[in-house]
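Before any comments, here is the structure.
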Amino acid sequence: MNLFALAALALAQDGGDVGLYAPAPPAGSAFVRVVNVGSGAISGKVGQYTTGSVATGNATPYYAVPGGSVSVALGKSSQAVTAAAGAFVTVVSGMPGKSEVIPLVDTLSSNRAKATILMYNLSSTPGVDLATTDGKVTVFTDVAPGTEVMREVNALSVAFAVNGPDAAITSFPTVSLERGLAYSVFVYESTGKLGATWATNGTAPVK
């Protein structure tokens with residue numbers, strides 16, 4: 001499920017078609033996911049959900065949890081993260097220079113006529129950009145370390161590249177952006193080198 005389908009799903013659930021739709025998130029839910037930018041795979045729990053193994057540069061789906069204080073346990077550490085009802089929060093594990101997890105509140109879009117791209121600079125390198133591989137269009141420029149940015153874009157097929165201040169970091173295969181869907185770009189450091197991954201945002205089945 002994408003970021004913008006939740007309200008529609010809840011309305012459909014209210015229609016009484018039992019068994020046709022997945023359970024809607026309870027009222028007052030927040031949506032929390034984990035992205036791992038550390039040197040090795042991690043696993044743990046977000047509220048009542050078990051994450052499974054999360055490789056470096058990868059993220060879990062969002063988990064619907066009661067809004068408020070959310071327990072996030074990863075590896076040998078456990079931390080309470082604040083996630084307000086209705087918010088989408090990305091919890092960053094393994095960010096350079098940080099021993100604790102870092103929660104970032106995602107910027108949301110309500111424009112279902114557009115696709116949404118969120119970019120996270122989870123490295124210690126400033127000046128990270130996202131552009132089309134042909135260099136004709138820049139989506140984000142000079143994204144600071146430890147920050148997230150969002151932009152609404154047209155639905156089309158396009159290939160993107162992530163660039164650092166001095167050199168290209170990586171490029172992604174052509175992706176077909178769809179209206180109403182949200183996508184994430186995670187920039188991270190691994191063994192002294194910058195890397196980046198592309199993900200389509202989604203939510204886990206509600207428990």
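Fair warning: this is a prediction, and the values are worked out from it, not measured in the lab. The analysis underlying the following values was restricted to heavy atoms, covering all of them including side chains, and did not include hydrogens, waters or symmetry mates.
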Drop me the distance from Ser184's OG to Met119's CE, to the nearest 0.5 angstrom. 11.0 Å
Compare all side-chain heavy atoms of Val65 with those of Tyr49 and state whether any distance is below 4.5 angstrom. yes
So how far is it from Thr138 OG1 to Lys136 NZ, rounded to the nearest 0.5 Å? 13.0 Å
Can you pull the ring pair (Phe, Tyr, Trp, His ring centres under 6.0 Å) pairs that have at least one residue in residues 149-174, sequence neighbours excluded? Phe160-Trp198, Phe172-Trp198
Hey, could you give me the OG1/CZ distance between Thr116 and Arg179, rounded to the nearest 0.5 Å? 13.0 Å
Of all heavy-atom pairs between Val105 and Glu148, which one has the smallest distance, and what is that distance? O-OE1, 4.1 Å
May I have the step-by-step check of side-chain contact (heavy atoms from CB on, under 4.5 Å) for Gln79 and Val91, ending in yes or no? CA-CA 11 Å; Gln79 185 173 326; Val91 176; over 6 Å; no
Rounded distance (nearest 0.5 Å) linking atom CD1 of Ile117 with atom CG of Asn201: 10.5 Å
Strictly by modelled atom types, are Ser157 and Ser176 linked by a side-chain donor-acceptor pair under 3.5 Å? yes
Return the minimal non-hydrogen interatomic distance between Ala84 and Ala30, and the atom names on each side. O-CB, 3.3 Å
Between Val101 and Pro103 the two heavy atoms that sit nearest each other are O-CD, 3.7 Å
Smallest separation among heavy atoms of Ser123 and Leu194, with atom names: CB-CD2, 3.6 Å
Identify, with sequence neighbours excluded, every residue that meets ring-ring contact (aromatic ring centres under 6.0 Å, His included) alongside Phe140. none
Does the pair Arg33 and Thr60 meet the rule for a side-chain hydrogen bond (donor to acceptor under 3.5 Å, both in side chains), with working shown? CA-CA 6 Å; Arg33 67 177 173 180; Thr60 68; over 6 Å; no
Search all heavy atoms of Gly57 against all heavy atoms of Tyr188 and return the closest pair with its distance. CA-CE2, 3.7 Å
Within the 4.5 Å heavy-atom criterion, are Ile169 and Val187 side-chain neighbours or not? yes
If you draw a 6.0 Å radius around NZ in Lys207, do more than 12 non-hydrogen atoms from other residues or ligands fall strictly inside? yes
Between CD1 on residue Ile42 and OG on residue Ser93, distance to nearest 0.5 Å: 3.5 Å
Connected via hydrophobic side-chain network under 4.5 Å: Val185 and Val137: no
Any side-chain heavy atom of Ser78 within less than 4.5 Å of one from Ser71? yes
I'd like to know if the side chain of Asn121 reaches the main chain of Gly146, judged simply by a donor and an acceptor atom lying under 3.5 Å from each other, with no hydrogens or angles considered. no
Going by atom types alone, do Asn111 and Ser109 pair a side-chain donor with an acceptor below 3.5 Å? no
The ring-ring contact (aromatic ring centres under 6.0 Å, His included) partners of Phe186 (sequence neighbours excluded) come to Tyr120
CD (Glu152) and CZ (Arg112) are apart, to the nearest 0.5 Å, by 12.5 Å
Sub-4.5 Å side-chain heavy-atom contact between Thr125 and Pro165: yes
Validation row: Asn154, Leu177 side chains within 4.5 angstrom (heavy atoms): no
Tell me whether Glu189 contacts the main-chain N or O of Ser124 through its side chain, where contact means a donor paired with an acceptor under 3.5 Å. yes
Can you see which heavy atom on Ala64 is nearest to which on Val206, and at what distance? CB-CG2, 4.4 Å
Is a donor on one side and an acceptor on the other found under 3.5 Å between the side chain of Tyr63 and the backbone of Val34? no
Sub-4.5 Å side-chain heavy-atom contact between Leu130 and Arg151: no
Please check this pair: side chain of Thr51 against backbone of Gly44, looking for a donor-acceptor N/O pair closer than 3.5 Å. yes
Spell out, as yes or no, whether a donor-acceptor pair under 3.5 Å connects the side chain of Thr56 to the backbone of Gly38. yes
Please check if any side-chain donor atom of Thr90 sits under 3.5 Å from a side-chain acceptor atom of Asp106, or the reverse. yes
